[in-house]
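Down below is the structure, laid out as structure tokens.
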Amino acid sequence: MSLPEELSEQLLGSIIDGTYPPGACLPSEPELAELFSISRLTVREAVKALRVQNVVRIERGRGTYVNPPAEWTSLHPMIRAATSPGADPEVVAGIHEARRMLESGIAELAAIKRTDADLRRLREQLRNMREAGTPETRANAHIAFHQAIVRATGNAFVPLLFEPFMRLLSELPVETDRGAVVRHERLLAAIEAGDPTEARRVMAAHLRSQQNRPRTA
């Protein structure tokens with residue numbers, strides 16, 4: 001990661017944690033350069049990256065101001081905001097709603113286009129979820145199961161669309177109850193049966209259940 005990218009991520013973190021809330025003015029270019037012991041050119045590039053994503057706006061003669069998340073135009077800062085401690089409930093709800101729309105459609109397509117190899121991968125990851133001995137291995141199997149569904153669509157564009165949501169998926173609390181396994185079993189059954197309507201319904205129900213779980217540290 002380049003210096004401008006590192007600074008951009010640091011500033012985004014400060015915006016998300018409330019150090020610079022919506023409407024606040026960022027420190028000036030010279031102040032940021034002194035604060036981080038970097039060149040003004042690096043600061044300029046970092047701020048430009050945030051401006052391109054509409055995280056901030058530049059008002060000539062006044063300074064650089066933080067926009068509310070509803071005006072941000074890039075998925076990366078939105079997902080960072082949704083997965084941060086103390087995240088805005090509206091941002092969290094919005095990102096989950098978007099994921100539910102996307103992944104329900106993915107499950108529907110997977111039920112239509114899955115191959116025998118896809119089904120083997122899904123069964124393997126479901127078995128891994130059942131047999132996982134640690135939260136880490138369980139989380140890995142859970143993510144791999146959803147990735148296998150994405151792959152089962154047979155559409156090269158779908159993984160590209162879903163990739164930004166992988167951070168959200170990795171930040172979700174790990175499901176350890178038997179009900180979580182049962183929901184994945186139902187999802188696999190619908191995909192195995194080639195039933196797109198049921199696959200969409202089960203995936204949507206699964207994601208609603210997951211959204212309602214309390215977040216863990």
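Note: hydrogens, waters and symmetry copies are ignored here, and every other heavy atom, side chains too, is used.
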State which residues pass side chain to side chain donor-acceptor pair (under 3.5 Å) with [X]; sequence neighbours excluded, sorted by chain then number.
X	value
Glu103	Arg99, His146
Ser39	Thr42
Asp195	none

(request) Using the test salt bridge (Lys or Arg N to Asp or Glu O under 4.0 Å), find all partners of Arg51 that sit at least two apart in sequence or belong to another chain. (result) none

(request) Please identify each residue that fulfils salt bridge (Lys or Arg N to Asp or Glu O under 4.0 Å) with Glu124, with sequence neighbours left out. (result) none

(request) Just jot down the ring-ring contact (aromatic ring centres under 6.0 Å, His included) partners of Phe145, sequence neighbours excluded, or say none. (result) His184

(message) By the salt bridge (charged side-chain N to carboxylate O under 4.0 Å, His left out) test, which pairs, at least two apart or in different chains, include something from residues 54-68?
(response) Arg57-Glu59, Glu59-Arg62

(message) Enumerate the salt bridge (charged side-chain N to carboxylate O under 4.0 Å, His left out) contacts for residues 30-43, please, sequence neighbours excluded, ordered by first and then second residue.
(response) Glu29-Arg40

Is there a donor-acceptor pair closer than 3.5 Å between any side-chain N or O of [X] and the backbone N or O of [Y]?
X	Y	answer
Thr134	Thr137	yes
Thr73	Gln53	yes
Arg138	Ala132	yes
Asn67	Asn54	yes

Only distances under 3.5 Å count here; give the side-chain donor-acceptor pairs of residues 147-154 to other protein atoms, sequence neighbours excluded, each with its distance to 0.1 Å.
from   : atom 1 : to     : atom 2 : distance (Å)
Thr153 : OG1    : Val150 : O      : 2.7
Thr153 : OG1    : Asn155 : N      : 3.3

(message) Once side chain to side chain contact (heavy atoms under 4.5 Å, CB included) is applied, do any residues pair with Glu131, and if so which ones, sequence neighbours excluded?
(response) Arg127

Let me check something: any side-chain donor-acceptor pairs from residues 6-14 under 3.5 Å, sequence neighbours excluded? List them with distances.
from  : atom 1 : to    : atom 2 : distance (Å)
Glu9  : OE1    : His76 : NE2    : 3.3
Glu9  : OE1    : Arg80 : NH1    : 2.8
Glu9  : OE2    : His76 : NE2    : 2.9
Ser14 : OG     : Gln10 : O      : 3.3

(message) Using side-chain contact (heavy atoms from CB on, under 4.5 Å), reason through Val66 and Leu50 one step at a time and then give a plain yes or no.
(response) CA-CA 9 Å; Val66 178; Leu50 294 176; over 6 Å; no

Donor-acceptor pairs under 3.5 angstrom involving side-chain atoms of residues 111-119: please list them, not counting sequence neighbours.
from   : atom 1 : to     : atom 2 : distance (Å)
Arg114 : NE     : Ile191 : O      : 2.7
Arg114 : NH2    : Glu192 : O      : 2.6
Thr115 : OG1    : Ala117 : N      : 3.4
Thr115 : OG1    : Asp118 : N      : 3.2
Thr115 : OG1    : Asp118 : OD2    : 3.0
Asp118 : OD1    : Arg121 : NH2    : 2.6
Asp118 : OD2    : Thr115 : N      : 2.9

